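A short write-up of the structure that comes next.
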Number of protein chains: 2
Amino acid sequence: MKRNSRLSLALHTLSHMAGEPDRVRTSSDIADHAGTNPVVVRRVLGKLREAGLLTSEKGHAGGWRLARPPQNISLADVYLALDERLVASDEISEAPACSVEHALQKRVSGVLEEIEQSLVQKLGETSISEVRGA
Amino acid sequence: MKRNSRLSLALHTLSHMAGEPDRVRTSSDIADHAGTNPVVVRRVLGKLREAGLLTSEKGHAGGWRLARPPQNISLADVYLALDERLVASDEISEAPACSVEHALQKRVSGVLEEIEQSLVQKLGETSISEVRGA
DNA sequence: GACTAATGCAACTACAAAAGTTACGTGTAT
DNA sequence: ATACACGTAACTTTTGTAGTTGCATTAGTC
């Protein structure tokens with residue numbers, strides 16, 4: 001696949017679903033369309049299910065479905081569901097000796113965190129249906 | 001190190017330099033402060049030099065220095081210098097069979113590209129000196 | 001009840017990006 | 001001449017993630 005594939009796969013799948021919200025889709029179908037395989041699809045969509053964006057049903061005629069109207073699912077919902085933190089680092093900074101150094105590190109982290117937040121806000125301005133729609 | 005380490009290392013170093021713009025620093029000094037090693041530092045700072053943010057001098061008493069006043073170096077400058085594309089994918093999409101599918105992929109890519117742009121814009125609003133300063 | 005088709009999940013392999021490391025060439029001040 | 005610094009190439013190590021296989025569980029269908 002490519003980089004940022006989880007986010008890309010999630011958006012792709014959700015946008016696709018937004019077109020026919022009532023249709024149930026299997027992991028295999030989705031995997032075929034996305035050029036990947038069913039287990040990867042389940043892994044990614046599982047995250048979206050945990051976040052309440054999708055529902056899944058086992059057994060015969062089971063599969064995936066949107067849990068809410070697509071107008072009501074923002075890109076930020078998806079991003080957060082996947083635990084992506086593209087900008088900020090989930091740092092385990094190994095406590096630098098110097099305290100000035102430590103202060104500076106917190107500065108940098110703080111700035112990146114702000115940028116991360118503004119990214120999420122920006123993502124919140126677009127819904128899945130808009131991705132498909134126009 | 002941690003995730004997003006190149007950006008983090010670059011910002012850290014530049015912020016540090018912003019404090020004493022006239023001082024020349026060696027890769028070793030910087031590496032010690034950042035908890036990494038000189039070659040990695042040279043790799044990252046080399047990108048910043050290519051982008052005109054830093055200068056380097058070889059030989060005895062050589063080292064790294066800011067190429068411009070720190071007020072005049074934005075986070076976007078740094079981000080772009082490193083060729084980071086945190087949101088958008090540098091996709092080599094393997095041409096999907098269905099053309100509808102292809103259209104949708106372009107949609108998703110387009111949206112991510114927009115988000116990427118807005119991220120750069122946001123980064124452009126902060127300078128290196130502000131990171132250190134307040 | 002047997003069969004089929006779907007998710008859920010664990011364990012493993014494969015691969016790629018990046019950090020870390022070593023080594024050596026080049027340039028420059030003393 | 002020497003010491004010190006960058007520039008760069010080649011290699012190893014680490015890590016994140018996709019891909020794969022296998023099997024348990026669940027739910028319709030015959």
Side-chain angles (χ1 to χ4, degrees), chain A residues 1-10 12-13 17 23-51 53-67 81-86 88-94, chain B residues 1-10 12-13 17 23-51 53-67 81-86 88-94:
Chain A
M1 256 194 163
K2 46 192 168 182
R3 211 172 162 196
N4 279 123
S5 54
R6 288 195 305 261
L7 181 57
S8 185
L9 170 59
H12 186 177
T13 304
M17 286 175 152
R23 180 169 155 202
V24 177
R25 292 160 204 267
T26 67
S27 306
S28 279
D29 291 346
I30 296 167
D32 288 346
H33 279 120
T36 180
N37 80 60
V39 178
V40 172
V41 169
R42 285 199 281 268
R43 278 207 280 251
V44 171
L45 298 196
K47 289 285 212 175
L48 303 184
R49 177 168 41 75
E50 287 173 25
L53 308 183
L54 290 177
T55 60
S56 65
E57 279 166 33
K58 288 182 172 185
H60 195 113
W64 301 86
R65 204 191 301 258
L66 292 177
L82 296 175
D83 297 315
E84 300 265 14
R85 285 173 61 80
L86 261 24
S89 44
D90 307 320
E91 54 183 327
I92 310 117
S93 64
E94 44 228 50
Chain B
M1 256 195 163
K2 44 192 169 182
R3 211 173 162 198
N4 278 125
S5 53
R6 287 194 307 262
L7 182 58
S8 185
L9 170 59
H12 185 181
T13 304
M17 286 176 151
R23 180 167 155 203
V24 176
R25 292 158 204 268
T26 67
S27 305
S28 280
D29 292 346
I30 294 166
D32 289 344
H33 278 119
T36 180
N37 81 59
V39 178
V40 173
V41 169
R42 285 199 282 268
R43 279 207 278 251
V44 172
L45 299 196
K47 287 285 212 176
L48 303 184
R49 177 167 42 75
E50 286 173 25
L53 308 183
L54 289 177
T55 59
S56 64
E57 280 166 31
K58 288 182 172 183
H60 195 112
W64 300 87
R65 204 192 298 261
L66 292 178
L82 296 175
D83 296 314
E84 301 266 13
R85 285 173 61 80
L86 261 23
S89 43
D90 307 320
E91 53 183 329
I92 311 118
S93 65
E94 45 227 48

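Just so it is clear, the values below take in all heavy atoms, side chains as well, and ignore hydrogens, waters and symmetry mates. Every chain is numbered from 1, with letters handed out A, B, ... down the list of sequences. The structure presented is a predicted model; accordingly, all values stated were derived computationally and were not measured.
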Using residues 37-47 of chain A as the side-chain source, report each donor-acceptor pair under 3.5 Å to any protein atom, sequence neighbours left out, with the distance given to one decimal.
residue : atom : partner : partner atom : Å
A:N37   : OD1  : A:V39   : N            : 3.0
A:N37   : OD1  : A:V40   : N            : 3.4
A:K47   : NZ   : A:D83   : OD2          : 2.8

Rounded off to whole Å, could you give me the CG-to-C1' distance for the A:L48 and C:dG8 pair? 16 Å
Can you check the A:L82 CG to D:dA18 P distance for me, whole Å? 10 Å
B:R25 side chain reached by B:T13 side chain, heavy atoms, under 4.5 Å: no
Atom pair distance, as rounded to whole Å: CD in A:E50 and C1' in C:dG8: 12 Å
Which residues satisfy the side chain to side chain contact (heavy atoms under 4.5 Å, CB included) test with A:A51, sequence neighbours excluded? A:L53, A:A81
Does D:dA18 have OP1 or OP2 under 4.0 Å away from a side-chain N or O of A:T36? no
Between C:dA5 atom C1' and A:D29 atom CG, what is the distance in whole Å? 12 Å
For the residue pair B:I30 and B:M17, what are the closest heavy atoms and their distance? CD1-CE, 4.2 Å
Base-contact (B) and sugar-phosphate-only (S) positions in nucleotides 3-12 of chain D, heavy-atom cut-off under 4.0 Å, - elsewhere: -BBBBBBB--
Rounded to whole Å, please give me the gap between CG in B:N37 and P in C:dA18. 16 Å
Rounded distance (Å) that lies between atom P of C:dA18 and atom NZ of B:K47: 10 Å
Give the rounded distance in Å between these two atoms: CG of A:L45 and P of D:dA18. 12 Å
Nucleotide D:dA18, atom C1' - distance to CD1 of A:I30 in whole Å: 17 Å
Donor-acceptor list for residues 56-66 of chain B side chains, cut-off 3.5 Å, not counting sequence neighbours:
residue : atom : partner : partner atom : Å
B:S56   : OG   : B:R49   : NE           : 3.2
B:W64   : NE1  : B:S27   : OG           : 3.1
B:R65   : NH1  : B:D22   : O            : 3.0

